Amino acid sequence: MRRYGSCVLLLLVGAAILRISLFSELYLRYVKAGLRPYLIVSGVALVLLGLAMAAVRRATHDDHGDHDDHGDHDEHDGPHEPDDGHGHGHSHERSPRVAWLLTLPALALLLFPPPALGSYSAEREAARQAAQGVGGFPALPDGDPVELTVAEFGSRAVYDSGRSLTGRTVRLTGFVTRDGDGTWYVTRLAVTCCAADATAGKAEVRGAPDGAPPVDTWITVTGTWHPEGALGTDAAWPPVLDAATVERVKAPADPYEQR
């Protein structure tokens, strides 16, 4: 069975990719939606390659077996190959045993896909400030509350010279992170391509009626901007939201904001 170790590894990895991309939306934990077709093609290619390798190795093994049977009928047809110490006149190429060990993480990926990035990653992302500097922003839509991404709220709070957030009620959705001093935030990770390039945006939440939910809980916060510090300075980051309501919500299928 060792000869099929690498084949099984390819099949498991391909099946895991197809599970998260073709049969569910779990792939959104790792990459943007636009990359789904490439994942599906990759998964199919790995499965087909694994099956092809298994077929080739099975055929090769059968050919060797037929050759051995013919050799047993005539002991004088030619010189025999040296004994390999295990009672065989020759040795077959075998896959390394480590291939079977590599199937364990592949099987785990198939059965237990890892979760999306959360507070652990966000806490290790340095306070990110937008590169455009202080300036004007487009007007916000009419009507309150206005739905904003966490990143957009942060950019307007820290850099908008027009103070477009003044007097407006906003609604932000993200997960809870917390500092050691008890300060807590509504946080969201933004990606350009995949989870590997994720960066964190956050807004401090103050005055929540029922206090802070547990870390990593997904919430929707409605409230108003609380100005802190001069525009474009470290004192203005992270932005502050005076909460009117905090509602626990289900984690979205796509947990990341797009940059």
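Here the structure is a predicted model, which is why all the values come from computation and not from measurement.
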- Partner residues of Thr173 under the side chain to side chain contact (heavy atoms under 4.5 Å, CB included) criterion, sequence neighbours left out: Arg188, Trp218, Thr220, Val249
- Glu204: salt bridge (Lys or Arg N to Asp or Glu O under 4.0 Å) partners, not counting sequence neighbours: Arg206
- Non-neighbouring partners of Glu247 that pass salt bridge (Lys or Arg N to Asp or Glu O under 4.0 Å), sequence neighbours left out: none
- Residues two or more places apart in sequence or in another chain: which of them pass side chain to side chain donor-acceptor pair (under 3.5 Å) with Ser161? none
- Query: What closest approach, in Å, do Ala243 and Val205 show between heavy atoms, and which atom pair accounts for it?
  - Reply: CB-CG1, 3.7 Å
- Item | Taking every non-hydrogen atom, the tightest pair across Leu46 and Gly14 | CB-CA, 3.8 Å
- Message: Under the criterion side chain to side chain contact (heavy atoms under 4.5 Å, CB included), I'd like the reasoning laid out for Leu18 against Val47: C-alpha separation, chi angles, the key distance, then a yes or no.
- Response: CA-CA 9 Å; Leu18 290 177; Val47 169; 4.1 Å; yes
- Message: My understanding is that only residues two or more places apart in sequence, or in another chain, count here; which of them pass side chain to side chain contact (heavy atoms under 4.5 Å, CB included) with Ala157?
- Response: Leu165, Trp225, Pro239
- Message: Can a donor-acceptor pair be found, under 3.5 Å and without considering hydrogens, that links the side chain of Ser155 to the backbone of Glu152?
- Response: no
- Task: Could you state whether Leu140 and Val221 fall into the same hydrophobic cluster, counting links through intermediate Ile, Leu, Val, Met, Phe, Trp or Tyr residues with side-chain heavy atoms under 4.5 angstrom apart?
- Result: yes
- Of all residues at least two apart in sequence or in a different chain, which pass the side chain to side chain donor-acceptor pair (under 3.5 Å) check with Thr169? none
- Message: Tell me every residue that passes side chain to side chain contact (heavy atoms under 4.5 Å, CB included) with Pro213, counting only those two or more places apart in sequence or in another chain.
- Response: Val176, Trp184, Thr217, Ile219, Val246, Arg248
- Task: Could you check if a side-chain atom of Val170 sits within less than 4.5 angstrom of a side-chain atom of Glu147, using non-hydrogen atoms only?
- Result: no
- Can you name the side chain to side chain contact (heavy atoms under 4.5 Å, CB included) partners of Leu48, sequence neighbours left out? Val44
- Note on the structure: For Ser21 and Ile40, the nearest pair of non-hydrogen atoms, with its separation, is OG-CG1, 3.7 Å
- Query: Checking Asp179 side chain against Asp181 main chain: does a donor-acceptor pair fall under 3.5 Å?
  - Reply: no
- Query: Same cluster for Tyr38 and Val13 if Ile/Leu/Val/Met/Phe/Trp/Tyr side chains link at under 4.5 Å?
  - Reply: yes
- Message: I need the full list of side-chain hydrogen bond (donor to acceptor under 3.5 Å, both in side chains) pairs touching residues 134-144, with sequence neighbours left out, sorted by first then second residue.
- Response: Asp144-Arg168
- Report yes or no: do Tyr185 and Val150 belong to one cluster of Ile/Leu/Val/Met/Phe/Trp/Tyr joined by side chain heavy-atom distances under 4.5 Å? no
- Note on the structure: The side chain to side chain donor-acceptor pair (under 3.5 Å) partners of Ser164 (sequence neighbours excluded) come to Arg156, Asp160
- Shared hydrophobic cluster for Val41 and Leu11 (ILVMFWY, side-chain gaps under 4.5 Å): no
- Item | Nearest atoms (heavy-atom pairs only) where Ala151 meets Glu257 | N-OE1, 3.3 Å
- Is the closest side-chain heavy-atom distance between Arg171 and Leu148 below 4.5 Å? no
- Message: Just verifying a value: how many Å separate Leu10 CG and Leu49 CG, rounded to the nearest 0.5 Å?
- Response: 5.0 Å
- Query: Any side-chain heavy atom of Leu172 sitting closer than 4.5 Å to one from Leu241?
  - Reply: yes
- Separation of Leu39 CG from Ile17 CD1 (nearest 0.5 Å): 6.5 Å
